[in-house]
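Just so it is clear, the structure is predicted and the values come from calculations on it, not from any experiment.
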Amino acid sequence: MIAMSHTVTLKGNIKFSLKKALVGGDMAKSTFTGPGELLLAPAAIGDITIIKLGGQEQWSVGRDAYLACTQGIVMEYKSQGLGKIFFSGEGLFVYKISGQGILWCTSFGAIIRKDLQRDEKYIIDNGHLVAWNCKYVMERVASGGVISNMSSGEGLVCKFTGPGTVFLQTRNPQAFSGWLTANAANQGA
């Protein structure tokens, strides 16, 4: 929270979950009740986008992309398939969001929205996912052998198939973390 009107009340709540304790996730939840103005901001430098849910669709949201939602939104913490756990950049669990209301998502960098038509395919490098409501598979796209894939930094990507929408971020948190670590090591040398 950045700021709020004096007419807004804040109630804190802690929900312990073994899943969240093992792999990370917010156990604390804040509920704001109005009327009034509430200003929120993400922890990372990036955009915020809204997704309006009408009660018929389900969205998957990366573990670091969830910012807030209105009442009427149902949020569950679900595991992904084994291949997606290791290579999607999102880890073991993602949020499964459904219900009716507004969802706010955040990113690391700018957010790009890609609307896919029926059977349209779109490839996104792992680590750049924010939210999606269509199916995807992990696919190897780099040609060459293992050494070629490792040296290019590419290889496995997320291949989405429409209809649906995918929100992606322009920055990759894991790559940025590696860059910070390398630069810190170079400064110490």
Using distance only, find each side-chain donor-acceptor pair of residues 98-111 under 3.5 Å and give its atom names and separation, not counting sequence neighbours.
from: T106; atom 1: OG1; to: D47; atom 2: O; distance (Å): 3.1
from: S107; atom 1: OG; to: D47; atom 2: N; distance (Å): 3.2
from: S107; atom 1: OG; to: G109; atom 2: O; distance (Å): 2.5

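Summarising the geometry, atom CE belonging to M4 is positioned 5.5 Å from atom CG belonging to L10; distances are rounded to the nearest 0.5 Å. Here the CD-CD1 distance, from E57 to I97, works out to 11.5 Å after rounding to the nearest 0.5 Å. Between the CD atom in E76 and the CD atom in Q58 there is a gap of 7.0 Å [rounded to 0.5 Å].
For the side-chain contact (heavy atoms from CB on, under 4.5 Å) with F160, the qualifying choice from I123, N133, I124, V137 is I124, the only one to do so.
Cluster annotation: I73 is connected to V130 through the hydrophobic network of ILVMFWY side chains, with a link wherever side-chain heavy atoms come within less than 4.5 Å. Placement of L67 and V61 in two distinct hydrophobic clusters is found when ILVMFWY residues are connected by side-chain heavy-atom separations under 4.5 Å, directly or transitively.
Residues P42 and I48 approach most closely at CD-CD1, 3.6 Å, considering heavy atoms. Summarising the geometry of V166 relative to L129, their closest heavy-atom pair is CG1-CD2, 4.4 Å, with the distance given to 0.1 Å. Nearest heavy atoms, G36 versus T7: CA-OG1, 3.6 Å. Among all heavy-atom pairs drawn from I51 and L53, the shortest one is O-CD1, 3.5 Å. The two residues A41 and I2 come nearest to each other via the heavy atoms CB-CD1, 3.4 Å. Contact record, C134 with T161: CB-O, 3.4 Å, taken as the closest heavy-atom pair.
Cluster partners of V74, using a side-chain heavy-atom cutoff of under 4.5 Å among ILVMFWY residues and allowing indirect links: none.
A side-chain N or O of S60 and one of K96 form a donor-acceptor pair less than 3.5 Å apart.
In this structure the side chain of M1 reaches within 4.5 angstrom of the side chain of L38, judged on heavy atoms. Using a 4.5 Å heavy-atom threshold, the side chains of W132 and T165 count as separate.
Residues Y95 and Y66 bring their aromatic ring centres within 6.0 Å.
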* Residues W59, F167; criterion ring pair (Phe, Tyr, Trp, His ring centres under 6.0 Å); working and verdict -> CA-CA 11 Å; W59 284 82; F167 289 92; 5.8 Å; yes
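Judged by distance alone, with hydrogens and angles left aside, the side-chain atoms of H128 form a donor-acceptor pair with the main-chain N or O of Q169 at under 3.5 Å.
The existence of a salt bridge linking D115 and R113 is confirmed by a sub-4.0 Å separation between a basic side-chain nitrogen and an acidic carboxylate oxygen.
Heavy-atom neighbours of I45 CD1 from other residues, nucleotides or ligands within 6.0 Å: at or below the threshold of 12.
Under a cutoff of 6.0 Å and an axis angle of 45°, K159 and Y136 do not form a cation-pi pair.
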